[in-house]
Undergrad: 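This is the structure I want to talk about, given as structure tokens.
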Number of protein chains: 2
Amino acid sequence: MTGTASRPTLEAVAARAGVSRATASRVVNGGDGVREPLVERVRRAVEELGYVPNQAARSLVTRRHDAVAVVIAEPETRVFADPFFALQLRGISKELTAHDSQLVLLLTEGRDDHVRVGRYLAGGHVDGALVFSLHLDDPLPGLIHGAGVPTVFGGRPGWGDGPRDAVPTVYVDCDNRGGARDAVRHLVGLGRTRIAHITGPLDQTSAADRLDGFRDVMVDVDPALIAEGDFTPAGGERAMRELLERRPDVDAVFAANDLSAAGALRVLRERGRRVPDDVAVIGFDDMLPVAEQTDPPLTTVRQDIEEIGRLMARLLLRRLDRAADEGPVGAPSSVVLPTTLVRRASA
Amino acid sequence: MTGTASRPTLEAVAARAGVSRATASRVVNGGDGVREPLVERVRRAVEELGYVPNQAARSLVTRRHDAVAVVIAEPETRVFADPFFALQLRGISKELTAHDSQLVLLLTEGRDDHVRVGRYLAGGHVDGALVFSLHLDDPLPGLIHGAGVPTVFGGRPGWGDGPRDAVPTVYVDCDNRGGARDAVRHLVGLGRTRIAHITGPLDQTSAADRLDGFRDVMVDVDPALIAEGDFTPAGGERAMRELLERRPDVDAVFAANDLSAAGALRVLRERGRRVPDDVAVIGFDDMLPVAEQTDPPLTTVRQDIEEIGRLMARLLLRRLDRAADEGPVGAPSSVVLPTTLVRRASA
DNA sequence: GCACCGGGTGAGAGCGCTCCCGGAACACCG
DNA sequence: CGGTGTTCCGGGAGCGCTCTCACCCGGTGC
């Protein structure tokens with residue numbers, strides 16, 4: 001049943017159109033330098049036979065695959081027990097599709113998998129890679145770099161902006177620091193003075209950057225007003241409890257993401273603090289199912305997740321195209337997307 | 001920079017090991033029928049040269065790709081603005097990885113994309129496909145069937161269990177109907193008598209099956225106690241309001257998923273109904289970030305999403321292996337996974 | 001009218017691999 | 001000791017495609 005009749009080859013198309021294989025190939029690949037009547041004949045033959053090029057044969061000679069790998073580390077997947085994951089992938093997928101490229105998904109967990117992924121990438125099965133690697137100590141970036149595969153990172157990689165083997169790393173991220181500043185300034189504008197921050201896991205650059213943004217505004221802040229969370233609701237609860245204990249007079253909280261904000265909100269309600277009257281709360285991400293469903297609805301810093309994915313793909317594809325055209329290797333630069341403050345009821 | 005030094009070929013490995021290409025190939029592919037010393041020599045050569053087989057060349061002759069497509073339609077992606085998506089993929093990924101197969105992700109949106117996906121699958125780029133297609137009128141299954149690619153569906157496809165061109169469709173799903181029955185029986189056990197149901201979009205089999213389960217227990221139920229939702233919180237709110245209007249005496253609600261249950265919960269609180277005292281509420285899915293965070297925490301029917309993904313992959317792989325071994329084509333049968341009722345505070 | 005040119009076309013090599021098949025080496029039995 | 005397997009290895013064809021290169025042919029310039 002499954003393709004007993006083997007699929008037609010370019011040879012067959014050529015024969016049917018009465019041309020050589022070379023000409024048929026030219027037509028299939030755009031038809032430049034072939035006279036119109038022949039183009040037409042070949043096109044028709046393709047149509048009639050239902051010809052689809054054999055990608056394997058093509059890759060074998062061109063060494064292109066029209067495929068890029070998307071690497072997502074397991075810890076991320078856990079964090080992505082939220083729409084992040086789907087949205088980024090959607091953005092990436094759209095862009096790749098428009099470019100006739102396939103998306104090979106690699107989810108990893110644990111060290112062994114890193115090796116596997118490294119080997120896969122080094123194996124030259126894909127033209128490039130999009131990597132989500134948010135942890136400082138992640139060995140993945142190193143492996144990937146060693147594999148010599150064009151790569152764009154999602155989120156600023158952990159090793160800082162300094163040169164790494166003089167190879168510029170390209171990444172797409174949102175303006176975590178600026179967004180955090182906006183949030184805190186908004187709280188200040190509300191007249192709040194005892195503003196606390198619930199951080200994310202500080203080994204992730206996004207969390208670190210948001211903390212930096214908080215500090216930009218709250219210079220010389222009382223350290224007791226900073227509690228470490230982990231981007232989860234439970235972590236948010238824990239951190240909020242700590243904060244209330246250390247500084248019962250707290251009148252605003254900037255949480256590093258919506259999930260921890262939701263946790264904080266719950267503790268505040270439990271303790272009888274009114275939001276936003278007694279304590280104003282701001283989150284980060286604008287993760288709709290969460291931010292809109294909290295009580296009260298969450299004021300938060302929005303980042304366009306899907307756009308990040310789309311841009312990552314676009315950057316990578318552009319780089320690949322350039323490599324193909326042997327054009328000027330314009331230093332590919334990272335992109336930092338702006339954030340916007342979304343006002344709802346909590347602050 | 002990117003692989004100026006081209007990667008070593010099997011030829012190179014053979015030369016270095018002092019054997020023929022054929023023998024080297026044999027070793028790389030398991031080493032059967034090659035004497036130990038030679039195996040060892042080839043292995044070392046592979047190691048030293050960092051040889052990785054060229055998948056394109058291999059596929060060209062074997063017609064296998066060690067890759068399967070995962071097709072997720074856009075409407076699903078929207079529904080999957082929750083952990084579904086990530087979890088299923090994780091399950092699939094684990095299984096495929098263990099089988100050295102790659103995961104090619106195809107996200108679709110709109111009709112044009114269906115054509116694209118159909119062509120891709122028909123193009124013989126992958127060995128099989130895992131398809132999430134939950135809508136009754138989805139043309140995708142037809143296209144896929146036409147493409148003649150071994151496929152396993154996620155969720156019972158819409159066309160019923162009847163034969164479709166005498167080709168049995170294989171799917172993996174959770175026991176939607178049984179789970180619904182359990183939920184409703186639990187409510188009955190609580191002494192509730194005016195039990196309502198907030199459905200999902202009824203063009204999806206999961207929603208339809210859950211409704212059937214509800215009806216199994218609530219025979220001759222007042223139609224006013226059934227309100228159509230759409231699996232979203234907003235839909236849940238709307239449905240709950242309708243229910244309260246039509247039957248103010250309602251004392252229990254079984255919502256077709258956690259998201260709509262969350263919406264219902266909010267409306268109940270807003271109307272001053274205590275949960276579970278006045279109205280008991282049960283959801284479906286046990287989507288942790290939602291079910292655990294509602295107020296009160298949601299009693300719900302758990303399905304093992306990741307396991308569904310894993311099973312889909314396993315079923316497909318088994319089928320592919322069998323095809324390769326030319327073994328008996330044991331009628332591949334669908335799998336329906338059990339659900340469990342998770343008791344929290346809402347019922 | 002002839003050398004020249006350039007766009008359009010076809011012949012053919014070869015990408016890296018698998019797998020069939022024939023031959024070498026060896027064991028065993030009559 | 002010759003015949004018959006058996007096991008192991010290498011030669012070589014060929015998967016379907018792209019791409020270089022040589023060739024053909026109509027048009028120009030002198």
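In what follows, chains are A, B, ... by sequence order, proteins preceding strands, each numbered from 1.
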Undergrad: Would you mind reading off the distance between A/His65 atom NE2 and D/dC17 atom P, rounded to a whole angstrom?
TA: 16 Å

Undergrad: To the nearest Å, give me how far apart CD (B/Gln55) and P (C/dC17) are.
TA: 11 Å

Undergrad: Closest to the A/Thr23 side chain: D/dG16, C/dT9, D/dT18?
TA: C/dT9

Undergrad: Could you tell me the separation between the CD atom of B/Glu36 and the C1' atom of D/dC8, rounded to a whole number of Å?
TA: 14 Å

Undergrad: Where does DNA chain D form stems of at least three consecutive Watson-Crick or G-U wobble pairs, each pair having both distances below 3.5 Å?
TA: C:1-30 with D:1-30

Undergrad: Round to the nearest Å and state the distance from B/Arg41 atom CZ to D/dC8 atom P.
TA: 16 Å

Undergrad: Is there, by distance only and without an angle test, a donor paired with an acceptor across the side chain of A/Arg21 and the base of D/dT18 below 3.5 Å?
TA: yes

Undergrad: Knowing that exactly one of A/Asn54, A/Val46, A/Val28 qualifies, which makes a side chain to side chain contact (heavy atoms under 4.5 Å, CB included) with A/Leu10?
TA: A/Val28

Undergrad: Separation of B/Leu10 atom CG from D/dC15 atom C1', in whole Å?
TA: 16 Å

Undergrad: In whole angstrom, what separates B/Asp32's CG from D/dT7's P?
TA: 13 Å

Undergrad: Specify the residue among B/Ala22 and A/Thr9 whose closest nucleotide of DNA chain D lies further upstream toward the 5′ end.
TA: B/Ala22

Undergrad: How long is the line joining CG of A/Leu60 and C1' of D/dC15, in whole Å?
TA: 9 Å

Undergrad: Can we call the ring centroids of A/Phe153 and A/Phe132 under 6.0 Å apart?
TA: no

Undergrad: Any salt bridge linking A/Glu40 with A/Arg43? Criterion: basic side-chain nitrogen under 4.0 Å from a carboxylate oxygen.
TA: no

Undergrad: Is B/Asp321 salt-bridged to B/Arg318, cutoff N-O under 4.0 Å?
TA: no

Undergrad: Can you tell me if the side-chain N/O atoms of B/Arg63 get under 4.0 Å from OP1 or OP2 in C/dT18?
TA: no

Undergrad: Compare side-chain N and O positions of A/Ser25 against OP1 and OP2 of D/dT18 and report whether any pair is under 4.0 Å apart.
TA: yes

Undergrad: For salt bridge (Lys or Arg N to Asp or Glu O under 4.0 Å), just list the numbers for B/Glu306 and B/Lys94, CA-CA rounded to whole Å, side-chain angles, deciding distance to a tenth of an Å, and then say yes or no.
TA: CA-CA 10 Å; B/Glu306 186 171 335; B/Lys94 278 183 184 162; 2.6 Å; yes

Undergrad: One thing to verify: whether A/Arg44 and A/Glu47 come together as a salt bridge, which I'm taking to mean a side-chain N less than 4.0 angstrom from a carboxylate O.
TA: no

Undergrad: Could you tell me whether the phosphate oxygens of C/dT18, OP1 or OP2, come under 4.0 Å of any side-chain nitrogen or oxygen in B/Arg58?
TA: yes

Undergrad: Could you state the CG-C1' distance from A/Asn29 to D/dT18, rounded to the nearest angstrom?
TA: 8 Å

Undergrad: Report yes if a donor N or O on one partner sits less than 3.5 Å from an acceptor N or O on the other, where the partners are the side chain of A/Arg26 and the base of C/dG10; otherwise report no.
TA: yes

Undergrad: Any side-chain donor paired with an acceptor under 3.5 Å for A/Arg58 and A/Asn29?
TA: yes

